[in-house]
Amino acid sequence: MRFGALALGLLCAVQTNAASIPQGPHGGIAVVPLDAVEAVQSVTFLNKAQLIVEDYAIIALPLFHDVGEQEVQVTYDDGSIRNVVIKVLDKQYPEERITVTDQEHVTPSPRNLERIGKESARMRAAYARFSSQPPNLLPIVQPVEGRTSGVFGSRRFFNDQPRNPHSGIDWAAPTGTPIKSPAPGKVVVVGDFFFNGITVQIDHGGGFISMMCHLSEALVEEGQTIKRGAIIGKVGTTGRSTGPHLHWSVSLSGERIDPAVFMAVLNALHED
């Protein structure tokens, strides 16, 4: 699946015309060029620190955020602040209807709801991490090759019951297919969760967290430092799943964003 046109369009908006306003859809990212990046202390949006990659700030645009012009704050080492205007665009996400045979995975029992609550808290704690900005993040490696079987942001109905929008991208692949880490990082969560099945979360730095779900097997341990492209597990169909596939979520500054857009745009910046 190729996203070059989307990535190049965004790059043109931020690079070829200094008067252009960096923009992106809610659930996506906006790319803000940074002058004197070596003197930049931090970049914040909605009071959250943002990822800095090379000479750019990568701004996470929440899925449910209002559209229109917003301000990003760039703080320098001398204490000065520059406000940069960005624009959040509207985007219509598709609808997806899924049939699940295990009713517990649609309407869980009180006992399973308690389990789900504990697992959700553990995942949220990982998503909230903001470690130091990564010096060698790019390029982003696609974790597995396969047919795209689920897209980010789709409004999901399980057995005709509405649930939260899809928080990542799915690739269908045979059980046992090796899964690569998209970037260097530290493994912060390994677990077998009710909905997500066998799951690995990786902190790549700067608020960029990957979550890989439905694995048949995890091949890493919590606290382990891994390189780009390292095999972290194998494709499976554990948890709430209708067939073998990898679910990859990208959390940026605590917000789930479209992994396909994130990967395409950052790799285009790297190549440029």
Side-chain angles (χ1 to χ4, degrees), residues 29 49-54 56 58 60 119-146 152 167-193 195-239 241 244-271:
I29 58 175
Q50 303 293 310
L51 174 67
I52 297 175
V53 176
E54 298 181 354
Y56 302 92
I58 311 301
E119 293 171 351
S120 296
R122 188 177 172 192
M123 289 183 284
R124 285 196 303 270
Y127 282 142
R129 293 173 61 96
F130 195 97
S131 54
S132 58
Q133 298 286 355
N136 185 33
L137 184 66
L138 304 181
I140 305 297
V141 173
Q142 183 167 317
V144 72
E145 295 293 333
F152 174 85
S167 63
I169 186 171
D170 293 342
W171 286 293
T175 298
T177 301
I179 300 167
K180 300 175 183 178
S181 175
K186 180 180 180 181
V187 178
V188 291
V189 169
V190 178
D192 189 354
F193 297 154
F195 284 130
N196 294 347
I198 297 176
T199 296
V200 173
Q201 284 180 281
I202 306 166
D203 179 1
H204 302 289
F208 168 27
I209 311 292
S210 280
M211 183 170 74
M212 313 289 187
C213 303
H214 308 299
L215 280 60
S216 62
E217 182 182 3
L219 299 176
V220 290
E221 299 178 350
E222 290 186 11
Q224 182 176 342
T225 299
I226 56 177
K227 297 180 179 180
R228 178 186 0 266
I231 304 302
I232 60 95
K234 298 178 181 179
V235 169
T237 186
T238 55
S241 170
H245 72 286
L246 172 67
H247 170 98
W248 177 33
S249 284
V250 168
S251 180
L252 197 59
S253 301
E255 302 291 344
R256 252 57 75 214
I257 62 167
D258 189 337
V261 172
F262 179 79
M263 180 171 58
V265 172
L266 265 66
N267 285 345
L269 288 173
H270 181 64
E271 292 167 3

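Residue numbers start at 1 and run along the sequence shown. Here the structure is a predicted model, which is why all the values come from computation and not from measurement.
Taking CD1 of I232 as the start and CD of E217 as the end, the distance is 11.0 Å to the nearest 0.5 Å. Residue D192 holds its CG atom at 7.5 Å from OG1 of T199, rounded to the nearest 0.5 Å. Interatomic distance, C213 SG to L246 CG, rounded to the nearest 0.5 Å: 8.0 Å. Between M211 atom CE and F193 atom CZ the span is 8.5 Å, to the nearest 0.5 Å. Residue Q142 holds its CD atom at 9.5 Å from NZ of K180, rounded to the nearest 0.5 Å. Atom CZ of R129 and atom CD of Q201 lie 10.0 Å apart (nearest 0.5 Å).
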Below 3.5 Å, can you tabulate the donor-acceptor pairs from side chains in residues 119-128 to any protein atom, sequence neighbours excluded?
from, atom 1, to, atom 2, distance (Å)
E119, OE1, F194, N, 2.8
E119, OE2, R115, NE, 2.6
E119, OE2, R115, NH2, 3.4
E119, OE2, F194, N, 3.4
S120, OG, I116, O, 2.9
R122, NH2, V190, O, 3.0
R122, NH2, E222, OE2, 2.4

Review item, side-chain donor-acceptor pairs of residues 251-258, under 3.5 Å, at least two apart:
from, atom 1, to, atom 2, distance (Å)
S251, OG, R256, NH1, 3.0
S253, OG, A49, O, 2.6
E255, OE2, K48, NZ, 2.9
R256, NH1, G254, O, 3.1
D258, OD1, A260, N, 2.9

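A distance-only check finds a donor-acceptor pair linking the side chain of H204 to the backbone of P184 [under 3.5 Å]. S210 places no side-chain N or O within 3.5 Å of a backbone atom of V250 that could act as its donor or acceptor partner. A donor-acceptor contact shorter than 3.5 Å links the side chain of Q133 to the backbone of Q50. A distance-only check finds no donor-acceptor pair linking the side chain of T238 to the backbone of S216 [under 3.5 Å]. Between the side chain of S167 and the backbone N or O of S249, no donor-acceptor pair lies under 3.5 Å. Distance alone, capped at 3.5 Å, places no donor-acceptor pair between the R228 side chain and the I140 backbone. Looking at T175, its side chain never comes within 3.5 Å of a backbone N or O of P244 through a donor-acceptor pair.
Here the side chains of D170 and H247 are in contact, with some heavy-atom distance below 4.5 Å. Contact check for F262 versus L51: side-chain heavy atoms found under the 4.5 Å cut-off. Taking the side chain as every heavy atom from C-beta outward, L266 and I29 approach each other to under 4.5 Å. Between P182 and M263 the shortest side-chain heavy-atom distance does not fall below 4.5 Å.
Counting all heavy atoms, side chain and backbone alike, A218 lies closest to V200 at CB-CG2, 4.0 Å. Shortest non-hydrogen contact noted between G206 and P134 is N-CD, 3.7 Å. Shown here for L219 and K234, the closest heavy-atom pair between the two residues is CD1-CE, 4.2 Å. Across all their heavy atoms, G233 and L215 have their closest contact at CA-CD2, 3.9 Å. The two residues G205 and S131 come nearest to each other via the heavy atoms CA-OG, 3.3 Å. Contact between G146 and W171 at its shortest, heavy atoms only, is O-CD1, 3.4 Å.
Taking the side chain to side chain donor-acceptor pair (under 3.5 Å) definition, one finds that N267 meets it with nothing, sequence neighbours left out.
For the pairing with I202, the side chain to side chain contact (heavy atoms under 4.5 Å, CB included) check across I226, I209, V220, V189 returns one residue only, I226.
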